[in-house]
Student: 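One structure is given below, represented as structure tokens, and several questions about it will come after.
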Number of protein chains: 2
Amino acid sequence: MTKIQKVADLAGVSTATVSRALAGKSSVSPATRSRVEDAARELGYVVSANASSLASGKTRNVGVVVPFIDSWFFIAVLKGIQRSLADAGYDLTLYHLDPNVGQDRPVEENPRRRRLFDEFLRRGRVDALIAVSLELNRAELDSLTAIKKPVVGIGGPLPGIQTLSLDDHEVARLAVDHLLALGHREIAHLAGDQDFEIDFHLPAHRRAGWEEALARAGITPDPLMLRTADFTIAGGYDATLQLLGDPRVHPTAIFAASDEMAIGAMLAARDLGRSVPEDLSIIGIDGHELSDFFSLTTVDQFPEVQGRHAVEILLHQLDGDRPEPGNEALPYELVVRKSTGPAPGSSRR
Amino acid sequence: MTKIQKVADLAGVSTATVSRALAGKSSVSPATRSRVEDAARELGYVVSANASSLASGKTRNVGVVVPFIDSWFFIAVLKGIQRSLADAGYDLTLYHLDPNVGQDRPVEENPRRRRLFDEFLRRGRVDALIAVSLELNRAELDSLTAIKKPVVGIGGPLPGIQTLSLDDHEVARLAVDHLLALGHREIAHLAGDQDFEIDFHLPAHRRAGWEEALARAGITPDPLMLRTADFTIAGGYDATLQLLGDPRVHPTAIFAASDEMAIGAMLAARDLGRSVPEDLSIIGIDGHELSDFFSLTTVDQFPEVQGRHAVEILLHQLDGDRPEPGNEALPYELVVRKSTGPAPGSSRR
DNA sequence: GTGAAAGCGCTAACAT
DNA sequence: ATGTTAGCGCTTTCAC
């Protein structure tokens with residue numbers, strides 16, 4: 001392994017100067033700098049990350065914690081994070097914290113989770129942390145603030161931590177208002193189930209948005225119009241079969257809490273011989289990569305952009321900015337495609 | 001930050017003993033060990049990863065390089081890797097090397113790719129590397145062997161490197177043989193396109209398997225029965241529209257090179273009013289999470305297991321084993337569901 | 001602008 | 001089984 005001393009020898013300077021030149025510090029004359037760069041290139045020298053980190057206290061590595069590693073949304077966020085980090089010369093260490101593991105016991109007793117907070121994050125291997133959709137308990141929050149490293153949470157709010165979050169309530173209202181504007185009054189909701197409540201009660205917020213939008217339109221939400229599923233296509237499919245098969249309700253539209261459930265609903269409707277959107281309008285939330293293929297109307301929340309934005313904030317903080325922690329609302333956008341249309345028999349067009 | 005000296009003081013031993021005790025070395029008396037552990041717990045001491053790595057040369061971190069971060073297959077592999085690594089107390093640093101970037105220029109001129117091999121992997125931040133579906137050029141292979149760290153490739157073979165790979169040719173033959181056994185003779189193939197050839201010519205191998213299986217059955221592959229797509233649902237859908245709309249061919253079965261394309265084919269067939277499998281049988285490759293939902297017959301390649309297995313091999317090597325590099329064939333399994341059935345008019349049942 | 005030297009916090013010989 | 005000590009390879013004062 002080539003070390004800094006060799007480069008210093010070849011360039012005819014001290015190791016200190018090599019370090020400065022290669023780190024891009026300003027206090028090096030252009031001539032010296034290029035001699036050092038040439039020497040480094042010639043020897044194929046690359047700084048040892050560990051030695052550098054130990055001496056400087058900076059790792060150029062960011063930890064990312066995600067609750068699910070195989071859901072489209074989290075992967076999209078991760079992709080945005082990875083890209084931005086790589087471009088900034090940072091490594092990304094991936095931690096996965098399955099929130100369903102140990103759900104029966106209090107969160108603080110989940111051993112994997114404890115281990116992450118008590119060990120992994122305290123070994124000084126990361127300069128900062130991005131937590132995606134993780135609701136942290138008091139002890140975890142404390143342990144994060146204790147290590148005094150920048151933390152950005154996606155999905156929030158998290159007390160004492162800078163977060164980015166979607167206003168789930170508003171997003172849901174927008175989706176339902178879109179359906180109301182098309183003349184629908186019998187609007188069902190495919191909500192996320194229990195297992196996902198850990199993430200800032202996202203299912204509850206979206207459900208509340210549905211209820212509020214209906215209430216404002218003078219409609220009393222019917223409990224039979226509310227079905228829960230697990231955010232997947234298969235889950236949305238099954239829930240929709242139940243919903244459409246129930247003789248007591250006659251929805252003309254479905255608002256699904258995720259695009260994947262909405263796609264499942266479209267497939268179920270088709271299998272039951274209902275045309276979308278003629279017989280049934282369907283809207284989701286996310287901006288899933290498949291939504292365009294299925295012509296699904298959705299509220300896009302730009303997950304990849306969320307990841308990029310989180311990195312941007314983090315890099316600013318690593319540059320010395322210490323913004324007061326707070327919550328920033330994430331952008332979203334109604335994307336109308338062909339899965340929603342006027343309510344059957346509606347006068348509105 | 002609590003350092004080792006404090007723990008040593010509290011436990012009344014030297015730092016060396018603390019280091020040994022906490023590392024689980026055998027040469028520490030049980031009594032001393034538990035005193036050290038108590039002291040460490042009391043002080044909330046966690047070793048500094050950087051200091052430890054610098055002194056020992058071991059990082060307990062593994063790098064993983066994937067070509068696509070948003071394809072189901074790679075994520076499934078990544079999930080398997082992450083789980084196993086975490087259980088073994090290893091961190092995982094994720095590198096993403098989009099093979100499409102810079103495709104117009106030779107691989108060795110892709111700057112991101114160069115940077116990964118010339119810098120990131122040489123900074124000594126990882127103990128080992130897992131490369132998923134990456135065909136490496138001479139220079140890259142050399143740079144990997146030069147750093148003398150264990151490397152396991154998933155998808156291969158890679159000269160001089162230990163690899164795990166699916167026999168794409170055999171898998172394709174199995175899929176086509178399944179269709180032939182059902183009496184099909186007009187079997188089309190949805191192949192992966194150009195962009196994926198970089199990965200060990202996987203599309204070419206699967207196509208060759210299709211051709212060979214047909215040839216063995218005395219059937220001459222018809223070029224019009226071969227369509228290419230990009231491995232996605234949308235791509236498979238479009239390619240299938242083209243295929244089924246072409247008046248010159250009359251396939252009774254489709255062998256798709258991936259489950260996602262097969263699902264696209266199923267949706268296209270349905271939109272064209274063809275029943276699956278009565279009018280058209282469809283088979284894919286992968287074992288995609290949606291294959292069960294769509295009742296898709298497929299050849300499962302257990303991607304998550306592939307990831308776990310790669311880690312297993314790596315950990316063995318890190319324990320001192322130096323197996324000769326070679327290629328290990330990965331298991332696969334035909335999973336028959338309802339998307340394949342007897343050929344129309346076939347006597348076989 | 002550059003050099004000398006003192007660590008960064010730990011591990012691994014080498015002793016005992 | 002435990003202590004002593006010399007680094008691991010770099011960055012950063014502090015001088016000049």
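Lettering follows sequence order; numbering is per chain, from 1.
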Student: Closest-nucleotide mapping onto DNA chain C: is A:Ala16 or B:Ser53 further toward the 5' terminus? I mean the 5' end.
Tutor: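 It is A:Ala16 whose nearest nucleotide is closer to the 5' end.
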Student: Think B:Lys25 has a side-chain N or O under 4.0 angstrom from the OP1 or OP2 of C:dT11?
Tutor: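 It does not, given that no N or O in the side chain of B:Lys25 lies less than 4.0 Å from OP1 or OP2 of C:dT11.
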Student: What's the spacing between B:Asn61 CG and A:Asn61 CG if we round to 0.5 Å?
Tutor: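 Those atoms lie 7.5 Å apart.
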Student: With a cut-off of less than 4.0 Å, is there a side-chain N or O of A:Thr32 near OP1 or OP2 of C:dT2?
Tutor: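 So the side chain of A:Thr32 is within the cut-off, an N or O lying under 4.0 Å from OP1 or OP2 of C:dT2.
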Student: Compare the minimum distances between each of D:dC8, D:dT2, D:dC10 and the side chain of B:Leu54, then state the nucleotide with the smallest one.
Tutor: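 From the listed options, D:dC8 comes nearest.
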Student: For the residue pair B:Phe120 and B:Tyr95, does the interplanar ring angle fall in the parallel (under 30°), tilted (30 to 60°) or perpendicular (over 60°) class?
Tutor: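 The arrangement is perpendicular - the two ring planes meet at more than 60°.
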Student: Distance check, rounded to the nearest 0.5 Å: B:Lys79 atom NZ versus B:Ser84 atom OG?
Tutor: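 Atom-to-atom, B:Lys79:NZ and B:Ser84:OG are 12.0 Å apart.
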Student: Could you check how far NZ of B:Lys3 sits from P of C:dC10, rounded to whole Å?
Tutor: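 About 8 Å, once rounded to whole Å.
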Student: Please confirm whether the shortest side-chain N or O distance from B:Ser14 to OP1 or OP2 of D:dT4 is below 4.0 Å.
Tutor: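 The answer is no; no side-chain N or O of B:Ser14 sits under 4.0 Å from OP1 or OP2.
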Student: Which comes earlier along DNA chain D counting from the 5' end, the contact point of B:Val28 or that of A:Val46, where each point is its nearest nucleotide?
Tutor: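 Here B:Val28 is the residue nearer the 5' end.
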Student: What is the separation between atom CE on A:Met1 and atom P on D:dG7, rounded to the nearest whole Å?
Tutor: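 About 16 Å, once rounded to whole Å.
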Student: For the side chain of B:Arg123 and the base of D:dG9, is some donor closer than 3.5 Å to an acceptor across the two?
Tutor: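 Answer no: no donor N or O sits under 3.5 Å from an acceptor.
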Student: For A:Ile4 and C:dA5, what is the distance between atoms CD1 and P respectively, to the nearest whole Å?
Tutor: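 My rounded result for the distance is 17 Å.
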Student: Quick one: on DNA chain C, does A:Thr15 or A:Ser27 contact a more 5' nucleotide (nearest heavy atom)?
Tutor: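 On the 5' side of the pair lies A:Ser27.
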Student: Phosphate oxygens OP1/OP2 of D:dT11: is one of them under 4.0 Å from a side-chain N or O of A:Lys58?
Tutor: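 False: A:Lys58 side-chain N/O out of range (4.0 Å or more) of D:dT11 OP1/OP2.
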Student: Nearest whole Å is fine: how far is D:dT11 P from B:Asn50 CG?
Tutor: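 Roughly 12 Å, once rounded to whole Å.
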Student: Which residues pass the ring-ring contact (aromatic ring centres under 6.0 Å, His included) test with B:Phe73, sequence neighbours left out?
Tutor: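 B:Phe73: no ring-ring contact (aromatic ring centres under 6.0 Å, His included) contacts found.
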Student: I'd like to check the salt bridge (Lys or Arg N to Asp or Glu O under 4.0 Å) partners of A:Arg60; sequence neighbours left out, ordered by chain and number.
Tutor: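 A:Arg60 satisfies salt bridge (Lys or Arg N to Asp or Glu O under 4.0 Å) with no residue once adjacent residues are dropped.
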Student: Between A:Ser52 and B:Arg35, name the one whose nearest nucleotide on DNA chain D is closer to the 5' end.
Tutor: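 Of the two residues, B:Arg35 wins.
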